[in-house]
Amino acid sequence: MTPGREHGVGRALLVIGEVATDVIARHSAPLAHGTDTAARIRILPGGAAANVACWAAHESRAHEASAHEVRLFGRVGRAEEQWHSAHLRAAGVRPVLVVDDSASTTTVVALVDTSAERTFLTDSGALQRFGTTDWSPSLLDGVAHVHLSGYLLFSDPSRQLARLARESARARGVTVSMDPASAGFIRQQGVVEVLAELDAVDVLVPNADEARLLAGLPDVAASAAALSRSVPLVVVTLGPGGALVAAAGAVIARVPAHAVEAVDSTGAGDAFTGGFLAAWLSGADPVAAASAGCRAGTAAVTLTGGRPPLPPATSPTETVPPNTAPAGPNPGLAPDQTVPSGTARSTPSDVTCSNAVPPDTAQSMPPHAG
């Protein structure tokens, strides 16, 4: 199995899913229930899908001769749209964002302990309203591969959107990958229901807990092998243990990770997926791509937050999201081009999804060194 680019489909990577505002609290003492616990707190752009896109763009530049454009299709609250778009562009990602006038951007509070393990409190916000009315077939113009965030599976509108995206990709010969996202949400949704959504998925990238839960087996290697009987390629992340690669019902490789001192594991799995996809789309075989994913994941745990670092020259000047929505129409658009909820659009330098840029005129990624 090879990415859709082998079929002459295109070269871009389209990531679909959540953009989030991350509130990351690192605490050195156990949480004191009912009173204060000292912590270092930062507000950063995040979201599993957005993180994957940023790491894919970052790692793609390591394959300069075959670098791919990376696009992120998501839904955000109006008040935070400009802030998130600016950070995505600075990371080399082309944002294609639906602006929601009623719901705020997905917000995640990450509590990070001294072992760098994290616990999430999640307000899905606008992601729960991300649906099929936001979709346009032109989103696939020039696209070689689609990556779906598993968080799309946990509300009815976004689950229908994920299904439509998979079906549309299959019709165009575009390959699809998915990250199951959350063992906790899988339990709430139901394993059988989530497994049913793996139709037309070519690559599955679960972590060990998600793989065991989906396969119903206690052993992670056996789980990877079992899942690869339904999905052509399964790559299971093992944290500091590296990754397993499985295909056709068997584990074909165990890829080690490099030992580092972890600061924050937020987004490490997203970094792995971004690194894996960047290498795979550039022609690497699955094992070599998994090794590239491990390198990206290792780099991620040495950073706070889920994104690769931005060079000062491209870092947005506004470091925290605004708390009030901008008045009037979207900046950068003519008065008759305001985009209501339910209509996807690109950032001002791009075009709306209903009139997507053809492959030969798509914007290139801005320079970035990380």
Side-chain angles (χ1 to χ4, degrees), residues 4 9-20 47-50 52-53 56 69-78 81 84-85 88 93-103 105-106 124-179 181 193-194 196-203 277 330 333 337-347 350-359 362-363:
V9 175
R11 289 186 53 81
L13 166 64
L14 176 65
V15 182
I16 305 176
E18 74 284 11
V19 180
V52 167
E69 181 189 42
V70 180
R71 308 172 189 171
L72 187 282
F73 178 45
R75 187 179 182 107
V76 298
R78 179 174 293 280
E81 185 269 333
H84 280 293
S85 290
L88 288 166
V93 175
R94 178 181 171 185
V96 186
L97 301 179
V98 179
V99 178
D100 195 311
D101 288 313
S102 300
T105 301
T106 300
S124 296
L127 182 66
Q128 292 185 317
R129 295 157 54 85
F130 198 25
T132 56
T133 57
D134 298 322
W135 179 257
S136 168
S138 64
L139 285 162
L140 292 176
D141 290 351
V143 169
H145 183 81
V146 170
H147 177 74
L148 298 170
S149 168
Y151 284 106
L152 294 169
L153 302 181
F154 306 128
S155 76
D156 288 338
S158 59
R159 184 165 55 253
Q160 293 297 326
L161 170 62
R163 193 172 298 162
L164 177 58
R166 295 196 308 273
E167 293 170 352
S168 299
R170 171 181 278 181
R172 290 218 193 179
V174 173
T175 49
V176 176
S177 57
M178 182 183 288
D179 172 358
E193 287 76 8
V194 172
E197 298 301 329
L198 299 184
D199 178 56
V201 171
D202 302 287
V203 183
L277 292 174
N330 287 324
L333 298 176
Q337 291 180 289
T338 57
V339 181
S341 172
T343 306
R345 76 164 183 87
S346 303
T347 51
D350 299 321
V351 295
T352 63
C353 287
S354 60
N355 186 27
V357 178
Q363 282 190 318

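Here the structure is a predicted model, which is why all the values come from computation and not from measurement.
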Test side-chain contact (heavy atoms from CB on, under 4.5 Å) applied to Val146 and Phe73, step by step: CA-CA 10 Å; Val146 170; Phe73 178 45; over 6 Å; no

Hey, could you give me the [atom1]/[atom2] distance between [X] and [Y], rounded to the nearest 0.5 Å?
X	Y	atom1	atom2	value
Glu81	Thr105	CD	OG1	9.0 Å
Arg129	Asp134	CZ	CG	9.5 Å
Arg75	Leu97	CZ	CG	11.0 Å
Leu14	Arg94	CG	CZ	10.0 Å

Nearest heavy-atom neighbours spanning [X] and [Y]:
X	Y	result
Leu148	Ala165	CD2-CB, 4.2 Å
Arg71	Val93	C-CG1, 4.2 Å
Asp202	Val174	OD2-O, 4.5 Å
Leu153	Met178	CD1-SD, 3.8 Å
Asp100	Ala103	OD1-N, 2.8 Å
Ala50	Leu88	CB-CD2, 4.2 Å

Intermediate values then yes/no, side-chain contact (heavy atoms from CB on, under 4.5 Å), Arg163 and Glu197: CA-CA 7 Å; Arg163 193 172 298 162; Glu197 298 301 329; 2.3 Å; yes

Which residues share a side-chain contact (heavy atoms from CB on, under 4.5 Å) with Ala48, sequence neighbours left out: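 Result, side-chain contact (heavy atoms from CB on, under 4.5 Å) vs Ala48: Glu18, Ser149, Tyr151, Asp270.
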
Check: Leu152 main-chain N/O paired with Ser158 side-chain donor or acceptor under 3.5 Å: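 Side chain of Ser158 to backbone of Leu152, a donor-acceptor pair under 3.5 Å: yes, one is there.
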
Evaluation steps, side-chain contact (heavy atoms from CB on, under 4.5 Å), between Trp135 and Val98: CA-CA 10 Å; Trp135 179 257; Val98 179; over 6 Å; no

Arg172 and Asp141: CA distance, side-chain angles, deciding distance, salt bridge (Lys or Arg N to Asp or Glu O under 4.0 Å) verdict: CA-CA 10 Å; Arg172 290 218 193 179; Asp141 290 351; 3.0 Å; yes

[X] vs [Y] side-chain heavy atoms within contact, under 4.5 Å:
X	Y	answer
Val176	Arg170	no
Asp199	Glu167	no
Ser177	His145	yes

Verdict with supporting geometry, Phe154 and Ser124, side-chain contact (heavy atoms from CB on, under 4.5 Å): CA-CA 10 Å; Phe154 306 128; Ser124 296; over 6 Å; no

